[in-house]
Amino acid sequence: METWDTIRARRNVRQYTGQPIARDDLERIAEAGRRAPSAGNSQPWDFVIVTDREQLTELAKVWERGGRHIAGAATIALVAREPEGGRPRDLLMYDLGQATAYMMLAAADLGIGSGHSAVSDQEQAQRVLGFPDGYFAAYLIGLGYPADRPLRPLTKPNRRPFDEVVHWNRW
C-alpha cells in the first residue's frame, strides 16, 4: 500500500482467521519497530515475538480486561528496562508508543491486522516471555489476518471531526 492508504486502513483488529503469518513478515514488522525514533536514539526496547499457541494462551492472561485476542494471534511484546520514574519514564513510554505505531503500520501495509493490549500482570508476562528481572512488558501487539474484512482505507473513520481536533496557531 501507499503510506497514506496504510494510515487510513489501519484499525484495531481483534479477531483473526488463524492463518499463520510468515516469519519474513513478522521480521519486517519487528524491523519497523526497531527503526522507530527514540529520545537520544536510546532504542530502549526489546521485542519478543510469540507464535506458539500454548504460550499465546498464557500470554493472553496478562490483561484480563481486553487481552483475549492475544491467544488467537502472533504477538509482539514490547519489553524494556524498568525506568527510574518521572521524565525517563515519560520518554520511555513515548518511545515505546512510537515503536508500537511503526509496527502496526508495517503490519497494515502487509494486510495484517493488529490490536494492542496492555499488560497488568507482570509476573505472568515474565513467566511466559522469560525477560530478566529489572525489565517489564509494556505492551503487546496481537497480529493476524482479519477475520471480518480485509484492511482497506476507511472512508468514514470513527474519529472526532478534523476541525474539532486541529487548531491553527492557537487553541
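- Within a 6.0 Å sphere centred on CZ of Arg81, other residues, nucleotides and ligands contribute 12 heavy atoms or fewer.
- Expressed to the nearest 0.5 Å, how far CD of Glu54 lies from CG of Leu59 amounts to 13.5 Å.
- Scanning all heavy atoms of the two residues, the minimum distance from Ser117 to Gly67 falls at OG-CA, 3.7 Å.
- Residues Tyr145 and Leu140 fall into different hydrophobic clusters, defined by Ile, Leu, Val, Met, Phe, Trp and Tyr side chains chained together at heavy-atom separations under 4.5 Å.
- A donor-acceptor pair is defined here as one N or O able to donate and one able to accept, closer than 3.5 Å; such a pair exists between the side chain of Gln122 and the backbone of Ala137.
- Closest approach of Ile21 and Ala74 over heavy atoms only: CD1-CB, 4.1 Å.
- Hydrophobic clustering, with ILVMFWY side chains joined whenever heavy atoms are under 4.5 angstrom apart, keeps Met104 apart from Tyr102.
- The shortest side-chain heavy-atom distance between Glu123 and Gln126 does not fall under the 4.5 Å cut-off.
- Taking the side chain as every heavy atom from C-beta outward, Val128 and Val50 never approach each other to under 4.5 Å.
- A distance-only check finds no donor-acceptor pair linking the side chain of His116 to the backbone of Thr100 [under 3.5 Å].
- If you chain together hydrophobic residues whose side chains sit under 4.5 Å apart, Ile141 and Tyr139 fall into the same group.
- Atom CD of Gln15 sits in a sparse spot, with 12 or fewer heavy atoms from other residues, nucleotides or ligands closer than 6.0 Å.
- Arg23 CZ: 12 or fewer foreign heavy atoms inside a 6.0 Å radius.
- Residue Val119 is not grouped with residue Trp63 when hydrophobic side chains (ILVMFWY) are merged at heavy-atom distances under 4.5 angstrom, including chains of intermediate members.
- Of the possible polar contacts, none joining the Gln43 side chain to the Ser38 backbone as a donor-acceptor pair under 3.5 Å is found.
- Separating the CD atom in Gln124 from the CZ atom in Arg127 is a distance of 4.5 Å, to the nearest 0.5 Å.
- Across every non-hydrogen atom of Ala80 and Leu92, the tightest pair is CB-CD1, 3.8 Å.
- A continuous path of ILVMFWY side-chain contacts below 4.5 Å connects Tyr135 to Val48, so both sit in one hydrophobic cluster.
- Taking CZ from Arg28 and CD1 from Ile112, the interatomic distance works out to 9.5 Å, rounded to the nearest 0.5 Å.
- Remark: the backbone N or O of Gly134 is not paired with any side-chain donor or acceptor of Glu82 at under 3.5 angstrom.
- The closest side-chain heavy-atom distance from Arg87 to Leu91 is below 4.5 Å.
- More than 12 heavy atoms of other shown residues, nucleotides or ligands fall within 6.0 angstrom of atom CZ in Arg8.
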Can you list the steps and then say if Met103 with Ser114 is a side chain to side chain contact (heavy atoms under 4.5 Å, CB included)?
-> CA-CA 9 Å; Met103 287 191 271; Ser114 60; over 6 Å; no
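- The two residues Ala108 and Thr6 come nearest to each other via the heavy atoms CB-CG2, 3.8 Å.
- Ion pairing between Glu58 and Lys61 holds under the 4.0 Å rule for side-chain N and carboxylate O.
- Put simply, CG on Asp90 and CG on Asp95 are 11.0 Å apart, with the number rounded to the nearest 0.5 Å.
- Checked by atom type and distance alone, the side chain of Asp5 never pairs as donor or acceptor with a backbone atom of Pro153 at under 3.5 Å.
- One finds the CG atom of Leu26 at 5.5 Å from the CD1 atom of Ile49 (value rounded to the nearest 0.5 Å).
- With a 4.5 Å cut-off on side-chain heavy atoms, Val165 and Arg159 do not count as touching.
- Side chain of Thr75 to backbone of Leu143: no donor-acceptor contact under 3.5 angstrom is found.
- When all heavy atoms of Pro146 and Leu151 are compared, the pair lying nearest together is CG-CG, 4.1 Å.
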Might you work through the side chain to side chain contact (heavy atoms under 4.5 Å, CB included) test for Val79 and Trp45, ending with a clear yes or no?
-> CA-CA 6 Å; Val79 177; Trp45 45 63; over 6 Å; no
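- The CZ atom of Phe47 sits 8.0 Å away from atom CG of Leu96, with the distance rounded to the nearest 0.5 Å.
- Considering every non-hydrogen atom in both Gly115 and His69, the closest pair reads O-NE2, 3.0 Å.
- The closest side-chain heavy-atom distance from Val62 to Ile70 is not below 4.5 Å.
- For the pair Pro20/Thr51, no side-chain contact is recorded, criterion being any heavy-atom separation below 4.5 Å from C-beta on.
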